[in-house]
Amino acid sequence: MESDASSDFIEHKAYARIGLLGNPSDVYFGRTISVSIGNFWATVRLEPSDELVIQPHPIHDFVRFDTFHHLVDRLEKEGFYGGVRLLMAFCKVFYKYCSNEKIDLHDGNFTLSYETNIPRQTGLSGSSAIVCAALNCFLDFYKVRHLVKVEDRPSLILSAENELGIIAGLQDRVAQVYGGLVYMDFYKEHMDAKGHGVYVPLDISLLPPLYLIHAENPSDSGKVHNTVRKRWLEGNELIRSSIEEVAKIALEGRTILLERDYSKLATLMNQNFDIRRKMFGDDALGDLNIKMVEVARSVGAASKFTGSGGAVVAFCPEGPSQAKLLEEACNEAGLTIQPVEILPSFLGEEDLKTLTSS
């Protein structure tokens, strides 16, 4: 979380995240390890105004086109939805949450606008970044940060996305609320009792250098999740056992990070993807997504999806010389690669008070 506040406006950033280990088990009462990254972000600005206005983005909420072909081409590349629907859904969710929790909100109106440079459909959590940034604007605008527990904020963000039929788990929102490197356990008993998982921040110095690989590859992870979730709910043995395996990878990953056993980290990253591939199948994952993983592995790097596809996180256990080979292989394959900028925790003193008092 990053903010810029004055008497005229409040502005917050929320950053992309990488699912390092354990995804997609967060949707299924599993465990994950995620990290916030500074490579990409969304910004939301709140300005006091006479009327309440949700301002469309000139690119991401585009509704005026030169030709019929222009409209169809844009929809095929960018999809149907921008950030306005996310902001509107969050306004509804936040208002209802505060009403239910008996949190008084003043009557002042505002104009919300947003910017984002998080590539679409890359599994870097671009949608929840917009909502997370909006949440932080609201916490400051209404001066209620001390009244909304940190542990509840990821669920609040997810509720806005659920309003729109987006199928997702909590890990993205936890990473964006907490920042840094976070181990998460979503075991059912705790989720049922508390409404959130157990979130344990870890020292970002435990992480080795990581690399982000992505390509232009719009995908619909919601449809992919729909099939697997249906099979999980039906008790499918392959899906159930695979989810348990993936969750155990995150549990083991926490230990190996604390021990800085990076050769084992590479093994776990590869295992995570291989299990996911077995569950979802190549047709659902897509040729380009699989290619990104295989390009990294062709030089001996470990690799897995950052989320549901569209981008890959890679680790070079042999160091800089291997990283150079990885860069060359990506360039030759027409893929974008960049070092991951790992961010520290976002929690401020006021946020920490809600943790210690909960």
Give me the atom names and distance for the closest heavy-atom approach of [X] to [Y].
X	Y	answer
P119	H214	CG-CE1, 4.2 Å
D26	L170	OD2-N, 3.3 Å
L158	G169	CD1-O, 3.9 Å
I37	V340	CG2-CG1, 3.4 Å
C137	H12	N-CD2, 3.5 Å
A133	V44	CB-CG2, 3.6 Å

Got more than 12 heavy atoms from elsewhere within 6.0 Å of [atom1], [X]?
X	atom1	answer
D282	CG	yes
F65	CZ	yes
D192	CG	yes
H106	NE2	yes
M191	CE	yes

Mind checking whether [X] and [Y] sit in one hydrophobic cluster, side chains of I, L, V, M, F, W, Y counted as touching below 4.5 Å?
X	Y	answer
L87	L52	yes
F141	V53	no
V246	L238	no

Tell me, do [X] and [Y] make a side-chain contact under 4.5 Å, heavy atoms counted?
X	Y	value
E47	D8	no
I275	I249	yes
T32	S25	yes
Y183	L257	no
E252	Q271	no
T43	Y114	no
R277	I290	yes
I239	Y28	no

Exercise for the section: Please name the residue in the list V93, L156, I157 that meets the side chain to side chain contact (heavy atoms under 4.5 Å, CB included) test with V131. Expected result: I157
Completion exercise
The single option from I130, L112, I54 that satisfies side chain to side chain contact (heavy atoms under 4.5 Å, CB included) with V84 is I54
So, [X] and [Y], do they make that salt bridge, N to O below 4.0 Å?
X	Y	answer
E259	K264	no
K96	E163	no
D185	R254	no

Exercise for the section: Given side-chain contact (heavy atoms from CB on, under 4.5 Å), test V150 with L347 step by step and report yes or no. Expected result: CA-CA 9 Å; V150 171; L347 300 181; 4.0 Å; yes
If you measure from [atom1] on [X] to [atom2] on [Y], what distance do you get to the nearest 0.5 Å?
X	Y	atom1	atom2	result
T122	R120	OG1	CZ	10.0 Å
I213	E327	CD1	CD	10.5 Å
L251	L21	CG	CG	11.0 Å
R173	C132	CZ	SG	10.0 Å
N272	K304	CG	NZ	4.5 Å
L212	C330	CG	SG	10.0 Å

So, does [X] use its side chain to make a donor-acceptor pair with the main chain of [Y] at under 3.5 Å?
X	Y	value
R31	A247	yes
R17	Q171	no
N39	P339	yes
Q322	G300	yes
S303	A314	no

Practice task
Decide yes or no on side-chain contact (heavy atoms from CB on, under 4.5 Å) for W41 and T116, but give the supporting numbers first.
Solution key: CA-CA 6 Å; W41 59 87; T116 181; over 6 Å; no
Handout entry: R276/N23 under side-chain contact (heavy atoms from CB on, under 4.5 Å): CA gap, chis, key distance, verdict
Key = CA-CA 9 Å; R276 185 187 194 101; N23 56 310; 3.7 Å; yes
Practice task
Name the orientation class of the two ring planes belonging to F29 and W232 (parallel below 30°, tilted from 30 to 60°, perpendicular beyond 60°).
Solution key: tilted
Exercise for the section: Over 60° means perpendicular and under 30° means parallel, so classify the ring planes of Y142 and F110, tilted if in between. Expected result: perpendicular
Problem - Single hit among S34, S36, S128 for side-chain hydrogen bond (donor to acceptor under 3.5 Å, both in side chains) with Q176 - result: S128
Problem - Contacts of F90 that satisfy ring pair (Phe, Tyr, Trp, His ring centres under 6.0 Å) - sequence neighbours left out - result: F94, F138
Practice task
Would you please test L20 and L210 for side-chain contact (heavy atoms from CB on, under 4.5 Å) and show each step?
Solution key: CA-CA 10 Å; L20 185 63; L210 300 171; 4.1 Å; yes
Exercise for the section: With sequence neighbours excluded, give me every side-chain hydrogen bond (donor to acceptor under 3.5 Å, both in side chains) pair touching residues 235-244. Expected result: none
Let me have the donor-acceptor pairs involving side chains of residues 193-201, under 3.5 Å, with sequence neighbours excluded, atom names and distances please.
from	atom 1	to	atom 2	distance (Å)
Y199	OH	G197	N	2.9

Exercise for the section: Could you verify whether a donor N or O on one side chain and an acceptor N or O on the other, from S263 and D261, lie under 3.5 Å apart? Expected result: yes
Exercise for the section: Going by the ring-ring contact (aromatic ring centres under 6.0 Å, His included) test, name the single residue among Y178, F40, F346 that passes it with Y15. Expected result: F346
